[in-house]
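Written out below as structure tokens is the structure these notes cover.
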Amino acid sequence: MDNEVVKLRDVKRHYSVGGETVRALDGVSFTIRRGEYWAIMGPSGSGKSTLLNILGCLDRPTSGEYWLNGVNVAQMEDDELSDHRLKNLGFVFQSFHLIPQLTVLENIEMPMFYLGVPQAERTRRAKTLAERVEMDHRLQHLPSELSGGQRQRVAVARALANDPAVLLADEPTGNLDSKTSVQIMQLFQELYEQGKTVIVVTHEPDIDAYAHSHIVVKDGRILTCTV
Amino acid sequence: MYRLKQSLSFYWPFIRLGATDVWRHKTRSFLTMLGMVFGVGSVIAMLAVGEGASHQALESIKRLGSQNIMVSSVKPTSEDGPTAQQSARLAVYGLLYDDETRIRETVPGVEKTVPARMVRRNARYNERQLELRVVETVPSWFEVVPRPILAGRILNEGDMSSRANVCVLTEFGVRKLLAAEEVLGQHVRLGSGVFEVVGIVKNESGGSVRAPDSEADAYIPMPTGSNLFGVANSRPISGGIESERVELSQIIVKMTGTDVVEAGAKAVEAVLKRFHKKADFKIDVPLSLLREAEKTKRTYNIVLGAIAGISLLVGGIGIMNIMLASVTERTKEIGIRRAVGARKSRIVVQFLINTCVLSIGGGLAGLVVGVAIPIAITFFTAMPTVIQPYSMLLAFGISVGVGIVFGLYPALRAASLDPIEALRHE
């Protein structure tokens, strides 16, 4: 039981748009254990993004249970959800989402800032993380001075800054060429090998291939789930 | 103390974050601050100018003594009867020694009364001449109209009983008449008498209100004066000589405290009215004048404050506008921070501090402007200005207040953004 990092039980997410109910997620259940590498696949409009938002504690399910690291976060208030994001989750986005005014170092430090890590400790840890993604030679650069692959490395370092239980990646190679895509996916592979729980959302079969377990979502339901 | 330190160490990173946000957009921040600079600047400058304008008036009223009631003789107006202009006959009016006694004995709360006769006379020293106001009075004049003694002594009881020919001059008169020579012990001619200068007192010049002392006064003992000059006073006017008989020019009534001054003034008026058929006296109560002047000043300050307040409002709205634009511009950043795990309140604090850094920065710059403007005004126009220390504190408080009030809405708006939407924003 302790190994269950993510557990969804009959999660539904319904929107009401112009009086009509859209069933973005219509009863999704699965369990992810610590140290597993999952890929979530599905065409656009399948409910894949909604699932990611719920997994990432950015959205709340209409009904159902979501156990994250042993706590049911399904109906939590905004502040508590924020705290869960801060402590348990690391995000990697398709378009990197680095803060343009901050340097590489400051971007990596950012989650620790909200965790209340003291400045000196923050800088030390950020430097270690930058080394891990091989970006320690660009610490004082702004994101705009980096290539796409470099930015995504910085984003990965930031996602690791809070030592999260789950690393959530949303189309992490969507904006990268195939060569740098491979490099980024190798980085995820390394993290997986070091024991991180990784969830990658993608629609590219190449990327899907890196994962060990696969979920295919369609029309708000799980089409296939292979462990 | 511990709690303060705790909360400071919690907020310090946010303050730094807010400050660096401001620094990153230097030009914009500077332009945004301008509104605050001139808003705060005008508050301080206006208060300083207003204070300067009323300061002089208030000071000269205060010099009259807030415990005093000034009763002066005035020539009755022509409707009341024949005036001196009609012929060379003697005009008799004004206050009497009896009035002084009546006031002292019947009005409750009187500490002392000081009689004085004031006549303009020519003063001569060698070949130098100057028209002085000769004040025939008693030693206690110097108690109710206290002035620093610059040299020598003031009149005393000995001068009174011996009817000594001594005088006390004011600083200004001394400078005009005796120039730089040794002053004490010199003899000056006042009208028909020769007087030894025994003392010099300081006096304030240029008071706009009827002060008991004027620029060039010579104080002589009352008995000496009446002995020498009598109580009738003649001076040449066009077409004849105007003669008038005024026993006392002024009675200064000192009350035991400021709380009985206004009742005392009414009582004095009642006493005098019983014995004076004509309106040949006038009562001034410095305390009432002071209150009046202070009331005027308050009104003045409110008007100025309102104008300055409007400019602060404009400054605040300017800041709010920029902050709203900034929130829109930084939507994505807000989304990222929220996704990473920043609570809404952290976003509020970040933007609020950002605004406060702007408004306080502007406020501090405004402080400099607000101090510089009155100094410049005084320098170029010689108009007095008084920079109020409290106005600087006020300005700082206002800038913090404006920052919070006008920063709150943009900050709340930033925090209320949906992180998912915010992340999608381009």
Side-chain angles (χ1 to χ4, degrees), chain A residues 13 15 24 49-50 52-60 76-103 106-120 122 142-143 154-155 158-162 164 168 170, chain B residues 5-29 325-351 353-354 357 412-426:
Chain A
R13 181 69 174 98
Y15 302 96
S49 298
T50 307
L52 179 84
N53 287 340
I54 287 174
L55 284 175
C57 292
L58 291 165
D59 196 4
R60 272 175 297 218
M76 276 185 173
E77 291 302 311
D78 191 83
D79 276 355
E80 291 172 292
L81 281 181
S82 300
D83 292 348
H84 275 285
R85 289 200 294 272
L86 189 58
K87 290 185 188 113
N88 296 323
L89 298 169
F91 285 97
V92 178
F93 301 97
Q94 178 176 4
S95 44
F96 325 128
H97 285 342
L98 298 173
I99 296 178
Q101 300 93 340
L102 301 183
T103 62
E106 288 168 329
N107 264 293
I108 300 173
E109 281 182 17
M110 206 243 301
M112 293 188 274
F113 170 80
Y114 290 109
L115 278 167
V117 179
Q119 172 75 67
R122 226 152 66 202
L142 291 175
V154 175
R158 181 184 63 192
L160 294 171
N162 56 346
L168 267 179
D170 180 16
Chain B
K5 218 180 137 189
Q6 279 285 297
S7 59
L8 240 168
S9 64
F10 177 77
Y11 284 113
W12 179 241
F14 290 93
I15 294 170
R16 270 191 39 181
L17 185 67
T20 43
D21 282 343
V22 169
W23 186 247
R24 279 197 190 97
H25 304 98
K26 285 186 245 345
T27 316
R28 180 203 282 182
S29 299
S326 170
V327 167
T328 307
E329 190 192 81
R330 295 167 66 180
T331 299
K332 201 161 164 186
E333 176 189 334
I334 296 161
I336 295 167
R337 288 184 186 276
R338 293 279 284 125
V340 158
R343 285 183 172 200
K344 281 181 177 177
S345 55
R346 302 284 185 103
I347 303 292
V348 171
V349 168
Q350 181 189 344
F351 277 84
I353 285 174
N354 198 331
V357 168
L412 287 176
R413 204 157 114 159
S416 67
L417 288 171
D418 174 30
I420 300 168
E421 291 295 320
L423 281 173
R424 253 181 238 149
H425 188 269
E426 279 307 324

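To find a chain, count down the sequence lines: A is the first, B the second, and so on, and within it residues start at 1. Since the structure is predicted, the reported quantities are computational estimates derived from the model, not experimental observations.
For A/L98, the part sitting under 4.5 Å from any heavy atom of chain B is the backbone (N, CA, C, O) and nothing else. Heavy atoms of B/Q350 lying under 4.5 Å from chain A belong exclusively to its side chain. For chain A, the nearby part of B/K332 is the side chain; its heavy atoms alone come within less than 4.5 Å.
Residues satisfying the salt bridge (Lys or Arg N to Asp or Glu O under 4.0 Å) criterion with A/E80, sequence neighbours excluded, are absent altogether.
Distance check, rounded to the nearest 0.5 Å: CE of A/M110 to CD of B/E333 gives 8.0 Å. Within the model, atoms NE2 of A/H97 and CZ of B/R337 stand 14.5 Å from one another, a figure rounded to the nearest 0.5 Å.
Counting heavy-atom pairs under 4.5 Å between each of A/N162, A/D78, A/L58 and chain B puts A/D78 at the top.
Contact detail for B/A342 and A/S82: the closest heavy-atom pair is O-OG, 3.8 Å. When every heavy atom of B/A339 is checked against every heavy atom of A/F93, the shortest pair comes out as CB-CZ, 4.1 Å.
Contact residues of residues 412-420 of chain B toward chain A are B/P419, B/I420 (heavy-atom distance under 4.5 Å).
Within the 4.5 Å cutoff, the side chain of A/R158 has heavy atoms near those of the B/I336 side chain.
With hydrogens and angles disregarded, no donor-acceptor distance shorter than 3.5 Å links the side chain of B/R343 to the backbone of A/D83.
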